[in-house]
Amino acid sequence: MTTPVRPALTRDRVLDGALALADEVGMERFTIRRLAERLDTRPMSIYHHVPSKDEIVDGMVDRVFDQIELPPQDLEWQEAIRLRCLSARDVLGHHPWAPPLMESRASPGPAMLRHHDAMLAALRRGGLSWELTAHGYAMLDSFVYGFALEEANLPGGGGPEMVEHADGLLGEGLAGYPTLAAFTTDWVLRPGYSFGASFEFGLDLIVDGLARAAAR
């Protein structure tokens, strides 16, 4: 009987495994020991390829940035920014642990730096001053990361399970909160409601606002 050959441990394999583990258990339960078990190796073998847990997290975050579409250079800047933000929301939805870490790394990787450079270039292409570029980028990322974080923590991610949850609050649960009860009945419980629909609405408000500010 042939013994299965274990794939060689490499930096890429460590980071791919770390990304998959974080997607599965979240960062609160992410440990090097768990990662070693997943990779069928020992913790010290992991550190031979990536020297510290911080460097592993840096690599994980850089992989997330690499999955986000850069703002296309051949599109008008507003549409390019919009497509990038839609891509970011989609990617972060697959990595719900990532939003709090996206801008916290002390050692940014090449994908992160490439991403920031492309976003700044897209905003400048719209004629935004450096001041307005700084405000715009801060608002866009705060909105994207915040929305993704909130969406990930809503019941059912803001989909049908959230509607069921809202339905369950009616009656005594919302007694004494008439406006909230009306909002739940007249909007949240309407067919087709989705919390996620507010993302594009909010994104358009920010991008349109930046365009008006640049025109002034």
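The chain is numbered in sequence order, starting from 1. The model shown is predicted, which means the values in this text are computed figures rather than measured ones.
- Between the side chain of S142 and the backbone N or O of M139 there is no donor-acceptor pair closer than 3.5 Å.
- No single ILVMFWY cluster, assembled from side-chain heavy atoms under 4.5 Å apart, contains both M119 and L83.
- Residues L19 and W97 form a side-chain contact, since some pair of their non-hydrogen atoms from C-beta on lies under 4.5 Å apart.
- One finds the CD1 atom of I32 at 15.0 Å from the CZ atom of R42 (value rounded to the nearest 0.5 Å).
- Using a 4.5 Å heavy-atom cutoff, the side chains of F30 and M27 are in contact.
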### Query
Please walk me through it: do D204 and Q78 pass side-chain contact (heavy atoms from CB on, under 4.5 Å)?
CA-CA 9 Å; D204 286 342; Q78 290 165 274; over 6 Å; no
### Task
Tell me, with the steps shown, if D208 and R82 meet salt bridge (Lys or Arg N to Asp or Glu O under 4.0 Å).
CA-CA 10 Å; D208 290 348; R82 191 174 188 275; over 6 Å; no
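- By the 4.0 Å N-to-carboxylate-O rule, E24 lies too far from R29 to be salt-bridged with it.
- F199 and F143 have parallel rings, their planes meeting at less than 30° on a 0 to 90° scale where 60° marks the start of perpendicular.
- Across all non-hydrogen atoms, the minimal contact from L9 to H49 is O-CE1, 2.9 Å.
- Taking every heavy atom of both residues into account, M112 and D62 meet most closely at N-OD1, 2.9 Å.
- Under the side chain to side chain contact (heavy atoms under 4.5 Å, CB included) rule, L210 has a single partner from L205, I81, L140, which is L140.
- Around the CD atom of E103, the shell of radius 6.0 Å holds more than 12 heavy atoms that belong to other residues, nucleotides or ligands.
- One hydrophobic cluster holds both L154 and Y193 under the rule that ILVMFWY side chains link at heavy-atom gaps under 4.5 Å.
- Using a 4.5 Å heavy-atom cutoff, the side chains of L92 and M102 are in contact.
- Minimum heavy-atom separation, T41 to S45: OG1-CB, 3.2 Å.
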### Task
Determine, step by step, whether R125 and D74 satisfy the salt bridge (Lys or Arg N to Asp or Glu O under 4.0 Å) criterion, reporting the C-alpha distance in whole Å, the side-chain angles of both residues, the deciding distance to 0.1 Å, and the verdict.
CA-CA 11 Å; R125 197 164 71 242; D74 59 342; over 6 Å; no
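- Residue pairs meeting the ring pair (Phe, Tyr, Trp, His ring centres under 6.0 Å) criterion with at least one partner in residues 54-77, sequence neighbours excluded, are F65-H115, F65-H116.
- We find the CD-CG distance between E37 and L39 to be 10.5 Å, quoted to the nearest 0.5 Å.
- Put simply, V64 and L86 are part of the same group of oily side chains (I, L, V, M, F, W, Y) that touch within less than 4.5 Å, one to the next.
- Tracing side-chain contacts under 4.5 Å through hydrophobic residues (I, L, V, M, F, W, Y), one reaches M44 starting from V14; they form part of the same cluster.
- Between I46 and P43, every side-chain heavy-atom pair lies at or beyond the 4.5 Å cut-off.
- A salt bridge does not link R38 to D16: none of the charged nitrogens lies less than 4.0 Å from a carboxylate oxygen.
- The minimum heavy-atom distance between G126 and A214, with the atom names listed, is O-CB, 4.2 Å.
- Connection of L15 to V25 is established within a shared hydrophobic cluster, with ILVMFWY side chains joined at heavy-atom distances below 4.5 Å, either directly or through further cluster members.
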### Task
Could you walk me through whether Q67 and H94 pass side chain to side chain donor-acceptor pair (under 3.5 Å), step by step?
CA-CA 10 Å; Q67 294 173 18; H94 289 92; over 6 Å; no
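- Of all heavy-atom pairs spanning L35 and G17, the tightest one is CD1-C, 3.6 Å.
- For L149, the side chain to side chain contact (heavy atoms under 4.5 Å, CB included) partners at least two apart in sequence or on another chain are P99, P100, N153.
- More than 12 heavy atoms of other residues, nucleotides or ligands lie within 6.0 Å of CZ in F183, so this atom counts as buried by the packing criterion.
- Here CG of D58 is found 7.5 Å from OG of S52. Values are rounded to the nearest 0.5 Å.
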### Task
Evaluate the side-chain contact (heavy atoms from CB on, under 4.5 Å) criterion for residues R89 and L203: first the C-alpha distance (whole Å), next the side-chain angles of each, then the deciding distance (0.1 Å), finally the verdict.
CA-CA 11 Å; R89 180 204 172 197; L203 178 58; over 6 Å; no
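- Rounding to the nearest 0.5 Å gives a distance of 9.5 Å between SG of C85 and OH of Y145.
- The pair D117-R124 fails the salt-bridge criterion, with no side-chain N (NZ, NE, NH1 or NH2) lying under 4.0 Å from an Asp/Glu carboxylate O.
- Residues A80 and P72 approach most closely at CB-O, 3.4 Å, considering heavy atoms.
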